[in-house]
K.L.:
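The structure follows.
Keep in mind the model is a prediction, meaning the values are calculated, not measured. In listed order, ligands and their atoms are each counted from 1.
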Amino acid sequence: MSTATATAADTDVVGFRVENRIAWVSFNRPEKRNAMNPPLNRRMLQVLEELEFRDDVGVLVLTGAGNSWSAGMDLKEYFRETEAQGLKGTRKAQSEAYAWWKKLRWYQKPTIAMVNGWCFGGGYGPLFACDLAIAAEEATFGLSEINWGILPGGGATKVAVDSMSFRDAMYHTLTGEPISGRKAAEWRLVNEAVPLARLQERVIELAGVLLKKNPVTIKAAKDAVRRVKEMTYENAEDYLIRAQEAANSFDNEGRKEGIRQFIDEKSYKPGLATYDTSKQSNKR
Ligand code: COA
């Protein structure tokens with residue numbers, strides 16, 4: 001294969017475009033149900049890095065081309081073919097996948113998983129990495145690993161336990177039974193499920209809510225949610241003081257403007273809406 005051909009194929013496995021401050025990123029191997037192979041994992045990290053600090057991007061949405069979100073890791077190219085290269089091949093493939101999931105977990109911009117179809121196994125890594133997740137009711141989720149003879153690795157078991165009740169996580173892991181998007185919402189694997197026909201509209205609506213927030217605050221807040229989960233109350237209290245102070249050093253005007261618009265201008269109520277960030281002198 002010529003280098004030029006390899007580059008074109010490797011780039012195509014991830015699609016992206018930016019529209020109205022939303023970066024739409026998609027798994028793009030629909031003929032393979034968007035299973036994650038090494039080229040996709042490598043390309044996804046590049047795309048995420050390219051978009052992360054762009055001024056025209058305020059929210060990132062991760063979705064899938066065709067009728068699938070992602071059918072998880074590619075059993076042939078991610079597992080069988082890399083295992084054939086020995087431990088080195090396996091570890092390399094793992095680190096390439098885990099690298100972009102980690103990038104996404106701590107992404108600068110808020111992220112939404114728009115789950116349009118199949119979502120299996122390794123797909124739970126990027127699903128959990130997204131801050132929010134909206135699924136089509138018609139989507140299908142499953143920890144299918146048990147069905148082909150492995151335990152749900154790559155963080156998938158942790159995702160189930162962190163998102164669901166103990167009983168649901170255990171049932172989901174041991175039976176490998178697929179569940180609908182509606183059930184995934186009931187089990188709290190995603191925030192909500194809507195009919196597929198309304199999925200994009202709902203995601204745009206949610207992105208619109210996030211786009212109105214102060215971007216420095218939203219990054220600090222999403223990191224705080226992930227961090228405090230594993231802290232004692234005392235540690236969390238201390239971390240949150242410091243996280244707020246660190247955020248203030250990046251944007252010392254935001255909260256003052258938020259207070260001013262409520263107390264002096266009386267133009268909004270923080271309990272009910274967001275302050276107008278466009279009036280802030282040091283807009284970000
Ligand atoms: N790894 C590798 N190839 C995969 C794949 C995966 N995870 N998921 C789908 N594919 C491939 C199929 O092998 C098939 O390839 P082919 O056209 O060369 O034969 C193609 O994608 C289409 O898949 P197919 O099974 O025919 O599609 P479907 O719509 O009937 O079923 C699924 C969709 C997702 C239910 C089914 O493909 C499936 O069970 N995939 C595996 C899911 C899984 O266990 N993932 C966890 C991995 S950790």
K.L.:
For atom 13 (O) of ligand 1, is the nearest protein heavy atom closer than 4.0 Å?
P.N.:
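It does not; no protein heavy atom is within 4.0 Å.
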K.L.:
Any protein heavy atom at under 4.0 Å, with atom 2 (C) of ligand 1 as the reference point?
P.N.:
yes
K.L.:
Of all the atoms in ligand 1, which lie at a distance below 4.0 Å from a heavy atom belonging to L75?
P.N.:
1 (N), 2 (C), 6 (C), 7 (N), 47 (C)
K.L.:
Quick test of your reading of the structure: of K32, R80, R33, whose heavy atom lies closest to atom 27 (O) of ligand 1?
P.N.:
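Closest candidate by heavy-atom distance is R33.
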K.L.:
Distance below 4.0 Å between atom 25 (O) of ligand 1 and any protein heavy atom?
P.N.:
no
K.L.:
Please identify which of these residues, S144, S68, P152, meets the side chain to side chain contact (heavy atoms under 4.5 Å, CB included) condition with F120.
P.N.:
S144
K.L.:
Heavy-atom contacts with G122 under 4.0 Å: which atoms of ligand 1 show up? List them by number with element.
P.N.:
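Contacts of ligand 1 toward G122, numbered from 1: 48 (S).
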K.L.:
With a cut-off of 6.0 Å (strictly less than), are more than 12 heavy atoms of other residues, nucleotides or ligands near NZ of K102?
P.N.:
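Result for NZ/K102: open.
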K.L.:
With side chain to side chain donor-acceptor pair (under 3.5 Å) as the test, pick out the partner of N116 among T63, N34, N67.
P.N.:
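Exactly one pass, corresponding to T63.
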K.L.:
What atoms in ligand 1 come closer than 4.0 Å to a heavy atom of S144?
P.N.:
43 (C), 44 (O), 45 (N), 46 (C)
K.L.:
Show, in sequence, the C-alpha distance, side-chain angles and deciding distance for E177 and K183, and conclude whether the salt bridge (Lys or Arg N to Asp or Glu O under 4.0 Å) test is met.
P.N.:
CA-CA 12 Å; E177 281 174 17; K183 180 69 108 182; over 6 Å; no
K.L.:
Just to confirm, does any protein heavy atom lie below 4.0 Å from atom 43 (C) of ligand 1?
P.N.:
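Yes, because at least one protein heavy atom sits under 4.0 Å from atom 43 (C) of ligand 1.
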K.L.:
Please state which protein non-hydrogen atom is closest to atom 34 (C) of ligand 1 and give its distance, to 0.1 Å?
P.N.:
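Ranking protein heavy atoms by distance from atom 34 (C) of ligand 1, first comes F120 CE1, 3.6 Å.
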K.L.:
Under 4.0 Å from atom 36 (C) of ligand 1, can you find at least one protein heavy atom?
P.N.:
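Protein heavy atoms within 4.0 Å of atom 36 (C) of ligand 1 - there are none.
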K.L.:
Just checking F79 against W148, ring centres under 6.0 Å apart?
P.N.:
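Yes: the rings meet the under 6.0 Å criterion.
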K.L.:
Heavy-atom distances under 4.0 Å are what count here, so tell me which part of E31 touches ligand 1: side chain, backbone, both or neither.
P.N.:
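Under 4.0 Å from ligand 1, E31 contributes backbone atoms alone.
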K.L.:
Does an N or O anywhere in M73 fall below 3.5 Å from an N or O of ligand 1?
P.N.:
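N/O-N/O distance under 3.5 Å: yes.
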K.L.:
Would you check if there is a donor-acceptor pair between the side chains of W100 and N41 at a distance under 3.5 Å?
P.N.:
yes
K.L.:
For D238, give me all partners under side-chain contact (heavy atoms from CB on, under 4.5 Å), at least two apart in sequence or on another chain.
P.N.:
R242
K.L.:
Between Y275 and N214, do the side chains contain a donor N or O and an acceptor N or O under 3.5 Å apart?
P.N.:
yes
K.L.:
Among all the protein's heavy atoms, is there at least one whose distance to atom 30 (O) of ligand 1 comes out below 4.0 Å?
P.N.:
no
K.L.:
Give the atoms of ligand 1, by number and element, whose distance to some non-hydrogen atom of A35 is under 4.0 Å.
P.N.:
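Those atoms are 1 (N), 5 (C), 6 (C), 7 (N).
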